[in-house]
Amino acid sequence: MAYWLIKSEPDTWSWDQHVKKGADSWTGVRNHQAKAHLQAMKKGDKAFFYHSNEGKEIVGVSEVVKEAYVDPTDKTNAFYAVDFKAIEPLKTPVKLTTLKSEKAFADMVLVKNSRLSVQPVTADEWKAIRKMGGLK
DNA sequence: GCCAACGTTGGC
DNA sequence: GCCAACGTTGGC
């Protein structure tokens, strides 16, 4: 099982909308690095849901329910989408500033390359962030 | 609102 | 194929 982090601006698509919808398709990724990560995702993989701009914090956990398929919103068919469903919210959202202040996360993609919208998360990072967020 | 970082585009 | 110019993202 692999772990990921997906980013969204709450103005565009928030965690609350994600929860309400149940399962939805993650479309609109137009970056080849991000695309590669989407293609690597397997059904059942877990992903943190991160709010960029507003909040700048990890707010919940989602799960891959459908593996990469051609993004219907992309006319060139060069990019992919993945379907996620909301699993559980973090009891305490984990702020980007918190991650930045902890040495353990100095190498985390979110800290190092904040612009990448779909990122891998290591098992260690995953465990530590869940704990900080108040989940088992 | 500014600007740094990064990706993409297009002239040469 | 190089690289300057431009656009976008996202933290501050």
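Residue numbers begin at 1 in each chain, while the letters A, B, ... track the order of the sequences. Note that this is a predicted model, so its numbers are computed, not measured.
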Lys/Arg-Asp/Glu bridge criterion (N-O < 4.0 Å) met for A:Glu88, A:Lys46:
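Not counted as a salt bridge, because no side-chain N and carboxylate O are separated by less than 4.0 Å.
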
One pair to check against ring-ring contact (aromatic ring centres under 6.0 Å, His included): A:His18 and A:Phe84. What are the steps and the verdict?
CA-CA 9 Å; A:His18 185 51; A:Phe84 291 96; 7.1 Å; no

Quick one: does A:Phe105's side chain get under 4.5 Å of A:Thr98's, heavy atoms only?
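They are not in contact (no side-chain heavy atoms under 4.5 Å apart), so the answer is no.
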
What string of B, S and - do you get for nucleotides 5-12 of chain C 5' to 3' if you count protein non-hydrogen atoms under 4.0 Å?
---BBBBB

Quick check on the hydrophobic clustering: are A:Val64 and A:Trp126 connected, directly or via other members, by side-chain heavy-atom contacts under 4.5 Å?
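No, A:Val64 and A:Trp126 fall in different hydrophobic clusters.
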
Before we go on, tell me: are the rings of A:Trp4 and A:Phe49 under 6.0 Å apart, centre to centre?
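No, the ring centres sit 6.0 Å or more apart.
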
